[in-house]
Each structure stands twice: as C-alpha cells, then as structure tokens.
Amino acid sequence: MREASVAPSPFAGKGTKTFADRILTPVEGRILRGILFLLLALGACVAAQGAAAQDARPRVLAVHLENDINPVTQEYVDNAIDRAEREKMAAVVLVLDTPGGLSSSMRGIVKRFLAATVPVVVYVAPPGSSADSAGAVITMASDLAGMAPQTNIGSSTPISLGGQDISKDLRRKVINDAAAYVGELAREHGRNVVAARRMVTQASNYGAREAKRIGLVEAVAPTVPALLREIDGTKTVPKGYVLDTADAQIVKVEMSFFERVRDFLVDPNLIALMLSIGLIGIVVELWHPGLIFPGTVGAISLIIGLYGLQVLPVSAAGLLLMALAAAFFVAEAFVPTHGALAVAGGVLFVLGALILFDPAGPGYQVSPSVAIAIAATLTLLLGIALTRVVRAARRPVAVGVQDLVGHEGVVRRAGLVQVNGELWRAHTADGAPLVSGDHVLVEGVEDDLRLVVGSVVSPTREEQT
C-alpha cells in the first residue's frame with residue numbers, strides 16, 4: 001500500500017517568519033512598516049496639536065458668592081481676584097446673590113475691583129437672586145455687569161440700626177454721600193447715572209431686562225457660559241479691556257469650609273452668646289478651682305467671641321459696658337451684695353450688647369430678645385448660686401470632732417461605738433460597762449479623741465420592760 005505524498009508548503013523554510021513575511025516580499029514588508037510608522041507619527045502630532053489648542057483656550061474664574069458682604073467675604077473675593085491676576089486669566093466673573101452687608105467691606109471690594117488688572121464681571125445669578133444694597137454698588141463698580149432672567153438689583157437706601165429710615169438731618173448727609181458714590185461709579189463705567197442714584201435716593205429696584213434696557217447692566221443671560229458668549233469681544237469702560245471669553249474654560253470657585261466657619265462665627269448673636277458662655281465658665285472656675293471643664297469651655301468660648309469682635313467693627317462704649325457687666329458678675333461671687341451687682345451686670349450686658357456693633361450697620365446687630373435672654377440667664381444662675389452660698393453660711397459649722405456631740409451611736413464591742421458610720425473609742429461618764437448593741441448618746445469628746453457617752457434605752461430593754 002502506497003503512502004500519499006504530501007507536497008511541500010510554499011511557505012516552508014528555516015526559522016520563524018512574520019505574517020507579513022509570509023504574504024509579502026521583503027521589500028513590500030519594509031514599505032508597509034514605514035507606512036505604519038508614518039501613520040503613528042501623524043496621529044501623535046494631531047493629538048499634540050489638539051492638547052495645545054485646548055491649553056490655548058482662555059480661562060475664566062467664576063467666583064460664587066451667595067452671602068452677605070462682610071470682612072470674610074471681602075477677603076474671599078480679594079483672594080479670587082489675586083488668583084486670576086496671578087494665573088493670567090481672561091476675566092473674573094463674580095456670580096452674586098446678596099442682601100447687602102457692611103459698608104466698609106463693600107468699599108473694600110469696590111476698591112479691589114477698580115485696582116484689578118484683569119476684567120471683573122459681576123453676574124447676578126441664578127434666577128431668583130438679587131443684588132441689593134451693597135450688592136448693587138459692587139455691581140456698578142464692575143467692568144461689565146450682567147444679570148440672569150428673573151433677578152433684580154437696587155434698594156440701596158441706607159437705614160438706621162433699628163431698620164427704619166434715618167432722621168432728616170442725618171438722612172440727608174448719609175444718602176447724599178451714598179448717592180454720589182454709586183453715581184460716580186456708574187458714570188465712570190458708562191452706565192445710567194440717574195437710575196443708579198435712584199437706587200439710593202428712592203430705594204428703586206430694577207428687574208434684569210429693565211436694568212439692561214435703561215443701561216444699568218450690559219447683558220442678560222441665563223447661564224455663565226451664555227454670558228461669556230454674549231460679552232465676547234466687548235470693550236470695557238473705562239479700562240478698555242477687550243473680552244476674550246467665547247468658548248473659555250470656566251474654573252469654578254466657592255467658599256472653603258474654613259471660610260464658611262469664619263463667616264458663621266461673625267454672627268453678632270453668636271458672638272454675644274460665646275462671650276456669655278465664656279464669662280459663666282470663668283466665674284464657675286473661680287468659685288470652684290480645679291474643676292477644669294468649666295474653665296476650659298469658658299476659655300474656648302471667650303476666644304471665639306473675641307475673634308468675632310476682631311473681625312467686625314465694634315463700638316468702644318458697647319465694649320466697655322459689657323466689660324463692666326462681666327466685672328459685676330465676677331464681683332458678685334465674692335462681695336455679698338445680695339444680688340445687686342448681678343442685676344446691675346445684667347442691665348449693663350443688655351445695653352452693651354445692643355450698641356456693641358453699631359458701626360457695623362443694621363445687618364449686624366444683636367437681637368434685643370437674645371441680649372435679654374442671655375442677661376436674664378446670667379443673672380438667674382448667679383442668683384441661684386448666691387442663694388446656696390447664703391444657706392451654707394447660715395448652717396452651723398460641720399467640721400471637727402465637736403460636731404459629734406449630741407449624735408446617737410451604737411455599741412459594737414467593748415470600748416468601741418459606731419457614730420455616723422465611724423468607730424470611735426468611748427466610755428461612759430460613770431464608768432458603767434458598754435454592752436454591745438446598746439444605743440448611746442455622745443455627751444463629749446476628750447482630748448485623746450475618746451467619746452464620753454451616756455446610756456440610751458436599747459430596743460431590747462424597752463421590750464423587756
């Protein structure tokens with residue numbers, strides 16, 4: 001039987017060959033490898049150009065501020081503008097929603113806007129937001145102002161500490177100053193001066209589209225990207241910046257946790273509360289040295305309260321009244337005035353708290369109800385403590401062995417009597433023996449701390465009789 005012969009493969013050969021070598025000739029294989037190398041190089045070049053184009057896009061810093069205007073938020077805005085200048089960004093957009101705030105902080109932000117070397121845009125957003133009072137003045141100081149639909153701006157009339165209009169003489173002075181300030185900002189930025197002044201003199205308020213129509217703002221857009229597309233190419237007044245914001249990268253910035261904590265700590269009511277807790281803790285520690293916990297809590301609370309006093313502008317008269325109230329509360333613990341100093345301290349605390357933050361304006365005042373509640377609590381606590389001190393002073397001295405005279409004891413064994421849970425050596429005045437279980441009465445204490453006792457009829461003997 002013949003074996004079938006197998007034809008040799010045309011690809012058979014010595015060594016291992018690639019797939020290309022098996023299909024193509026050596027020359028064709030080298031050409032194919034060259035083409036693949038060129039394609040890979042071309043792809044790398046295209047990717048590099050795309051990345052470079054991405055990096056070349058302008059960057060805009062969107063700073064979100066949904067808060068009142070105070071020293072903490074002023075520092076937050078200042079830091080954001082510093083970053084934009086340092087990183088050569090195309091613009092800063094302050095996304096604003098504020099009811100107003102401190103005049104001093106407002107003017108600080110305005111000065112930073114005017115000195116900025118990067119375009120500053122104020123955008124009142126999102127829908128439903130407002131730029132009231134100090135917020136309206138800040139908007140007038142921006143290089144370009146925009147608003148989202150369904151927002152408003154205005155109501156910048158100064159008011160008194162109680163929220164009412166200021167008296168006529170002072171009103172004329174304060175309002176004329178504020179109107180001139182916001183009017184000059186509007187004039188220098190090419191905006192409607194009359195409408196800007198009316199926000200102060202008449203407390204006028206304008207919606208977004210009306211504000212654009214009358215020339216208070218330059219743009220109305222629903223979102224930050226839409227605003228950047230609309231204002232692209234605009235030349236600002238008076239600095240003459242030409243905005244390059246179309247298709248810009250938006251870098252979002254919000255207040256950090258630490259900044260929010262600091263902002264929370266500048267609440268006047270919280271400051272007054274922290275000062276009062278600090279005072280209570282220190283007074284308790286002075287009454288009972290060594291407790292540690294009240295003193296620690298008091299010290300921490302006092303430091304937090306003092307931080308708030310450092311951040312907000314305060315009245316020297318209010319601060320002195322509160323210091324005097326603290327002195328009265330402490331003195332009540334050591335001077336027997338039967339509560340007079342405590343009551344006086346409570347009254348001074350209320351008066352001092354109510355005028356403590358007068359320079360900060362109406363938005364930063366201690367609530368009268370909070371001040372009265374804190375003062376009443378302090379006075380009540382001191383009154384309770386004083387009552388206990390008086391009761392303790394009227395009690396007889398309960399120290400020393402002489403306090404045992406008149407107490408009844410029980411004979412435990414020969415020569416030992418239990419009085420108030422303690423075993424004492426004892427004997428009778430007439431030398432009679434002590435019988436275990438008998439009840440005796442302490443009649444005296446000798447120099448060697450032996451008790452002199454007299455017999456009392458024991459329950460057992462009473463039953464026998």
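With sequence neighbours excluded, the residues forming a side chain to side chain contact (heavy atoms under 4.5 Å, CB included) with D78 are Q74, R112, listed by chain and number. Residues that satisfy the side chain to side chain contact (heavy atoms under 4.5 Å, CB included) test with K111, not counting sequence neighbours, are absent from this structure. Evaluation of the side chain to side chain donor-acceptor pair (under 3.5 Å) rule for E184 yields R187 as partners, not counting sequence neighbours. With sequence neighbours excluded, no residue satisfies salt bridge (Lys or Arg N to Asp or Glu O under 4.0 Å) with E66. Looking at residues two or more places apart in sequence or on another chain, you find a side chain to side chain contact (heavy atoms under 4.5 Å, CB included) between A136 and I153, S156, M199. Applying the salt bridge (Lys or Arg N to Asp or Glu O under 4.0 Å) test to R197 and every residue at least two apart in sequence or in another chain returns nothing. Scored by the salt bridge (Lys or Arg N to Asp or Glu O under 4.0 Å) test, R229 finds no partners at all (sequence neighbours excluded). Partners of D247 by salt bridge (Lys or Arg N to Asp or Glu O under 4.0 Å), not counting sequence neighbours, listed by chain and number: R57. Contacts of V419 classified as side chain to side chain contact (heavy atoms under 4.5 Å, CB included), with partners at least two apart in sequence or in another chain: L404, H407, V417, W424, V442, L451.
With contacts defined as side-chain heavy-atom distances shorter than 4.5 Å, the pair T379/F349 does not qualify. Counting only heavy atoms from C-beta outward, the side chains of D143 and V121 never approach each other to under 4.5 Å. Contact check for V311 versus N70: no side-chain heavy atoms found under the 4.5 Å cut-off. No side-chain heavy atom of Y206 sits under 4.5 Å from any side-chain heavy atom of V217. Counting only heavy atoms from C-beta outward, the side chains of Y181 and V110 approach each other to under 4.5 Å. Side chains of H189 and L114 form a contact here, defined as non-hydrogen atoms less than 4.5 Å apart. Using a 4.5 Å heavy-atom cutoff, the side chains of V118 and Y241 are not in contact. With a 4.5 Å cut-off on side-chain heavy atoms, Y123 and L144 do not count as touching.
A distance of 5.0 Å separates CG of L243 from CD1 of I231, quoted to the nearest 0.5 Å. Remark: D68 CG to D132 CG distance equals 12.0 Å, nearest 0.5 Å. Put simply, CG on D244 and CG on L228 are 10.5 Å apart, with the number rounded to the nearest 0.5 Å. Atom-to-atom distance recorded for S104:OG and I69:CD1 is 11.0 Å, nearest 0.5 angstrom. Considering CZ of F329 and CD1 of I280, their distance stands at 8.5 Å, rounded to 0.5 Å. Atom CD1 of I282 sits about 5.0 Å away from atom CG of L302, to the nearest 0.5 Å.
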- Message: Could you go through L416 and R425, starting from their C-alpha distance and side-chain angles, then the distance that decides it, and tell me whether this counts as side-chain contact (heavy atoms from CB on, under 4.5 Å)?
- Response: CA-CA 5 Å; L416 293 177; R425 293 180 301 154; 4.0 Å; yes
- Task: Might you work through the side-chain contact (heavy atoms from CB on, under 4.5 Å) test for I214 and V194, ending with a clear yes or no?
- Result: CA-CA 10 Å; I214 64 177; V194 175; over 6 Å; no
- Could you walk me through whether V251 and R83 pass the side-chain contact (heavy atoms from CB on, under 4.5 Å) test, one step at a time? CA-CA 11 Å; V251 181; R83 175 185 173 183; 3.5 Å; yes
- Item | side-chain contact (heavy atoms from CB on, under 4.5 Å) between F328 and V343, worked out | CA-CA 9 Å; F328 280 8; V343 174; over 6 Å; no
For a quick test of your reading: what N or O donor-acceptor pairs under 3.5 Å do the side chains of residues 269-276 make, sequence neighbours left out?
| residue | atom | partner | partner atom | Å |
| --- | --- | --- | --- | --- |
| N269 | OD1 | S367 | N | 2.8 |
| S276 | OG | A272 | O | 3.4 |
| S276 | OG | L273 | O | 2.6 |

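For the side chain to side chain donor-acceptor pair (under 3.5 Å) condition, the pairs that include at least one residue of residues 217-227, sequence neighbours left out, are R191-E218. Sorted by first and then second residue, the side chain to side chain donor-acceptor pair (under 3.5 Å) pairs involving residues 296-322 (not counting sequence neighbours) are R262-Y307.
Shortest non-hydrogen contact noted between A371 and A353 is CB-CB, 3.9 Å. Contact detail for A90 and V60: the closest heavy-atom pair is CB-CG2, 4.3 Å. Closest non-hydrogen pair, T139 versus A131, comes out as OG1-CB, 3.9 Å. In this structure, R260 and M255 approach most closely via the heavy-atom pair NE-O, 3.4 Å. In this structure, A186 and A196 approach most closely via the heavy-atom pair CB-CB, 3.7 Å. Taking both residues in full, the closest heavy atoms of P71 and S105 are given as N-OG, 3.1 Å, listed atom of the first, atom of the second, then distance.
A donor-acceptor pair is defined here as one N or O able to donate and one able to accept, closer than 3.5 Å; no such pair exists between the side chain of D177 and the backbone of K173. Here the side chain of K252 pairs no donor or acceptor atom with the backbone of H64 at under 3.5 angstrom. The closest donor-acceptor contact from the side chain of T98 to the backbone of N67 lies under 3.5 Å.
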